[in-house]
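Contents: one structure, followed by commentary.
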Amino acid sequence: MSVSNPINSKKRKEPGIMPISTRLKILPWWALFLLFLGVLLIYAIINRENYRDAFDFIAPGLQVTLTASVIAFTIALVVGLIMGMGRISSNPITYNIATFYVEVVRGIPMIVIIIYVAFVLVPLVVQGANSLGNLILETSWLAFIEGLGSKLSTMDITQIDPLVRAISGLAFGYGAYEAEVFRAGIQSIERGQMEAARSLGMSYFQAMRHVILPQAIRVILPPLGNDLIAMLKDSSLISVLAVRDLTQLGKLNRSRTFRTFETWNTVTYLYLSMTLLGSMGVKILERRLQSGEAITTSINNVFRQLRQSLSRKQVID
Amino acid sequence: MSEKIIEVRNVSKSFKHVQALSNIDLDVNRGEVVFIFGPSGGGKSTLLRCINRLETVDEGEIVVDGIRVTDAKPDLDSLRAEVGMVFQLFNLFPHLTVVNNITLAQELIRKRDRQEAYEIATNLLKRVGLPEKADAFPDQLSGGQKQRVAIARALAMNPKIMLFDEPTSALDAEMIREVLDVMMLLAQEGMTMVVVSHEMGFAKAASDRMVFLADGKLVEEGPTDQLYAHPKEARTKAFFDQILY
């Protein structure tokens with residue numbers, strides 16, 4: 001839910017044309033000030049060489065940050081859905097695996113998770129691939145996949161790009177949080193829905209797919225949106241793997257030019273431009289979902305409204 | 001043809017510390033309308049939910065049309081296809097239109113194609129008096145309309161038995177009649193029905209047998225004409241005194 005300006009609620013109840021004093025109080029000053037700073041920065045980037053230099057060096061990191069976040073988040077959603085369903089499973093095996101994953105991963109700082117995945121889990125996977133490859137090569141009746149076998153057995157850790165490891169780490173870490181979002185969303189759907197579906201003869205999975213999950217998604221979307229924005233910020237942690245994202249390029253620029261102000265103002269501004277846009281999108285989505293709009297229509301309308309508001313340079317409260 | 005379609009043998013069930021059902025014996029014949037009544041918490045809903053295995057029993061046996069419900073792994077698919085259930089709180093699927101509520105299970109389980117399922121759905125909506133509501137969403141309907149859609153939804157699966165768990169208890173007074181009318185039609189068409197309710201008028205008009213359940217025990221049961229006018233047990237008499245103003 002968006003936190004509305006408390007001043008609004010007092011004044012809006014009066015009918016008639018709003019006096020100027022009220023209009024002044026209602027304006028989102030924080031956003032206007034932020035916009036002003038942004039304009040200042042754009043001016044600086046255009047006219048000051050240090051800023052332009054910093055921007056040219058750092059801006060390519062935007063692509064890495066965005067790519068890493070979006071791919072990692074998509075994987076985290078898949079992991080989250082599977083683990084979330086495991087968390088509500090009555091099967092002791094799936095329940096315990098899912099709970100172990102969620103409890104452990106949520107108990108470790110994200111930066112440690114990324115390092116752990118990059119330097120412990122991924123190497124383990126590579127070792128496992130090596131063993132599997134050797135097994136294939138040694139087994140005569142598996143000769144038809146010999147090519148795959150030799151590729152697997154000679155896989156080397158250095159072949160795995162740091163970006164791939166970083167994305168794996170982010171996905172692994174966020175999957176646990178998304179699992180809980182899915183679990184809570186599914187459990188928020190009243191029991192009667194499952195009972196009605198089962199009474200009609202649907203299996204558990206049919207009921208989930210056609211009755212429960214479609215309803216749960218409406219509940220789940222806003223938290224997921226917020227988590228995507230959180231991941232945009234946490235993606236800065238992949239800089240510890242020397243991946244050239246916004247933060248890493250910021251660090252490199254600072255050590256290259258010693259211009260801390262220009263560097264970090266630019267990095268901050270670039271992160272803010274992503275996260276604030278994202279937050280606006282989530283708020284619009286929330287509002288549209290509340291008014292009962294269909295989900296796909298809501299998402300389409302969010303993009304439409306964002307585009308409109310950006311072109312008119314308005315800030316939606 | 002008088003043949004037992006539901007057999008409940010010595011069924012007991014408890015929830016943690018509460019004995020919900022104690023040694024219940026009950027038979028329902030094909031085409032019969034059985035009306036189960038009694039004070040709140042008496043075990044009526046629990047018994048109904050045990051019949052289609054929404055709850056499991058601790059002791060005893062339930063057989064529905066040859067299917068042993070109380071087995072460790074019963075043939076749930078067959079069971080639930082034969083037994084339709086109507087809930088007190090309707091439990092319509094809010095994200096689907098009325099007609100899609102009715103066609104969903106048909107397509108998934110009876111494997112009917114969209115055309116056939118749609119036709120069956122619209123016919124059933126006519127039968128329950130709501131043909132114009134096909135493309136409405138559940139939240140646009142009144143309580144009575146929702147319940148009639150719920151009945152249509154259950155009927156779409158061509159069940160042999162219909163279970164009603166206090167179908168009118170959540171409805172405003174003026175909407176109770178429209179739902180009972182539909183149930184009456186079903187009874188006249190020969191559907192086997194087990195109804196848990198407080199609507200004694202309906203019991204008198206539509207049911208063949210009445211069963212009085214209190215504190216998890218079957219206190220009395222018998223043909224409606226007899227039991228309604230001349231209840232044998234004191235407990236039954238006391239209950240009638242309380243609810244019939």
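What you see below is based on every heavy atom in this structure, not just the backbone, and it leaves out hydrogens, waters and symmetry mates. Letters go in sequence order (proteins before strands), and every chain restarts at 1.
Using a 4.5 Å heavy-atom cut-off against chain A, the contacting residues of residues 86-125 of chain B are B:Phe87, B:Asn91, B:Leu92, B:Phe93, B:Pro94, B:His95, B:Leu104, B:Ala105, B:Leu108, B:Ile109. Scanning residues 65-104 of chain A against chain B with a 4.5 Å heavy-atom cutoff picks out nothing at all.
Counting heavy-atom pairs closer than 4.5 Å to chain A, the top residue among B:Met85, B:Glu82, B:Arg153 is B:Arg153. The candidate from A:Arg191, A:Glu195, A:Glu190, A:Met202 with the greatest count of non-hydrogen atom pairs under 4.5 Å with chain B is A:Glu195.
Taking OG from A:Ser199 and CZ from B:Arg53, the interatomic distance works out to 13.5 Å, rounded to the nearest 0.5 Å. Note that CG of A:Leu200 is 10.5 Å distant from CZ of B:Arg80, once rounded to the nearest 0.5 Å.
The neighbour count for B:Arg9 CZ, taken as heavy atoms of other residues, nucleotides or ligands under 6.0 Å away, is above 12.
Listed by first then second residue, pairs satisfying side-chain hydrogen bond (donor to acceptor under 3.5 Å, both in side chains) with a partner in residues 131-144 of chain B read B:Ser142-B:Gln145, not counting sequence neighbours.
In terms of the side chain to side chain donor-acceptor pair (under 3.5 Å) criterion, B:Asn52 has no residue partners (sequence neighbours excluded).
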